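Both counts, for ligands and for their atoms, begin at 1 and track the order of listing. Just so it is clear, the structure is predicted and the values come from calculations on it, not from any experiment.
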Amino acid sequence: MSKCDSCASKGKCSNKESTCSVLVPSYGSIKNIIGVMSGKGGVGKSTVTGILATKLRSLGYKVGVLDGDITGPSMPRFFGINEERAQILPGKSQEEAKFIPVETATGIKVISLNLLTEEEEQPVIWRGPILTGVMTQMYRDTEWGDLDYLLIDMPPGTGDLTLTVMQSIPLTGIIVAATPQDMVTMIVKKVVIMAQKMNIKVYGVVENMSYIRCSCCGEKQRVFSKKSAEEQAGNLGVPLIAELPINLDLVEKMESREVEDFINASPEYDELLGSFMRLS
Ligand code: ADP
């Protein structure tokens, strides 16, 4: 099998196999690789990744999640993976290892640095090149099998690690996660411009923590900005994929194996899946 056969960019790039620098998974093939990016941390990038992965899985797709937020990995916790650890087995050569991802309640394959280290509280105190190596190794050496979608919770911001991921992993496209306050700032615009400069498709922006739903009348109440999410996305020049509410029930279900059932039973997240499918 040639390197191109298992590459998500097959048929879409002009590189020759001999000059190509993108990585190809050693243990499986991946049809679509979606990066979820944000201008900074704490805006809900991991939450958006987890919700979209769950919804895609609910349609029967084979889905994986790569936790690329190396210094603040949170995908295992999102899915309530607390005790399990990924297995590390001998790889194709003596120096290489193969990682067996942990599966969530509905069968999403997750790999994260937190699943490869003994204790999740241990901080990562490595410099850039090592972080980059770990990130690319988790992508290349995990036994993904055949996936329809790999979602990557990207490192926050537009720094070195993000750049390396974008250069070495053949992203099909990216989704930008932002809060209403961020939507007007240049940090989100930077993410969009970075992807565009690298010829990576920007599906659009998900406005997280957009509103709360009134517990009395069910009305949507915007909390952080009076401007509509459409208007804000329009200013960024990208489509609005969805608005997500602040949802304390979701927070309560996160870190438990019930989070996927909760997401699938909640109509608040249908728009995210519907728009993503339409735009992709
Ligand atoms: P990031 O990946 O951008 O760092 P996270 O997805 O980890 O951000 O979210 C940061 C914090 O905000 C987490 O504690 C998460 O539970 C909370 N959070 C994110 N989105 C929502 C939401 N829509 N409703 C309530 N809490 C949220």
Below the 3.5 angstrom mark, is there an N/O of K45, backbone or side chain, next to an N/O of ligand 1? yes
Quick check: are there more than 12 heavy atoms from other residues, nucleotides or ligands sitting under 6.0 Å from CD of E252? no
Just checking F262: does its CZ atom have more than 12 heavy atoms from other residues, nucleotides or ligands closer to it than 6.0 angstrom?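 More than 12 heavy atoms, drawn from other residues, nucleotides or ligands, come within 6.0 Å of this atom.
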Of the backbone atoms (N, CA, C, O) and the side-chain heavy atoms from C-beta on, which set of P156 has a member under 4.0 Å from an atom of ligand 1: side chain, backbone, both, or neither?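 The answer is neither.
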If you measure from each non-hydrogen atom of N208 to ligand 1, which part falls under 4.0 Å: side chain, backbone, both or neither?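 The answer is the side chain.
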So does [X] pair up with [Y], basic N to acidic O under 4.0 Å?
X	Y	result
D146	K62	no
K55	D270	yes
E103	R57	no

Show which atoms of ligand 1 fall inside a sub-4.0 Å distance from at least one heavy-atom site of [X].
X	result
G42	1 (P), 3 (O), 4 (O), 8 (O), 10 (C)
P245	22 (C), 23 (N), 24 (N)
M254	16 (O)
V43	1 (P), 3 (O), 8 (O)
M209	12 (O), 18 (N), 19 (C), 20 (N)

Counting only heavy atoms, tell me which of T47, V251, N247 gets closest to atom 19 (C) of ligand 1. T47
Out of S46, A177, G39, S38, indicate the one that has the non-hydrogen atom closest to atom 7 (O) of ligand 1.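 Nearest option to atom 7 (O) of ligand 1, by heavy atoms: S46.
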Between K92 and Y27, is NZ or CZ placed under 6.0 angstrom from the six-membered ring centre and within 45° of the ring axis?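 Cation-pi check for K92 and Y27: passes.
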For Y211 and E268, does a side-chain donor sit closer than 3.5 Å to a side-chain acceptor? yes
Can you confirm whether the side chains of D153 and S46 place a donor and an acceptor under 3.5 Å from each other?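 The answer is yes; a qualifying pair exists.
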Determine, counting only non-hydrogen atoms of the protein, whether one lies under 4.0 angstrom from atom 17 (C) of ligand 1. no
Would a 4.0 Å cut-off, counted as strictly less than, catch a protein heavy atom around atom 13 (C) of ligand 1?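 Not a single protein heavy atom is under 4.0 Å away.
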Could you tell me the residue and atom name of the protein heavy atom closest to atom 8 (O) of ligand 1, and the distance to it rounded to 0.1 Å?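 Here the closest protein heavy atom is G44 N, 3.0 Å.
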Looking at I111 and A86, what are the two nearest heavy atoms and their distance?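 Reported closest heavy-atom pair: CD1-CB, 3.7 Å.
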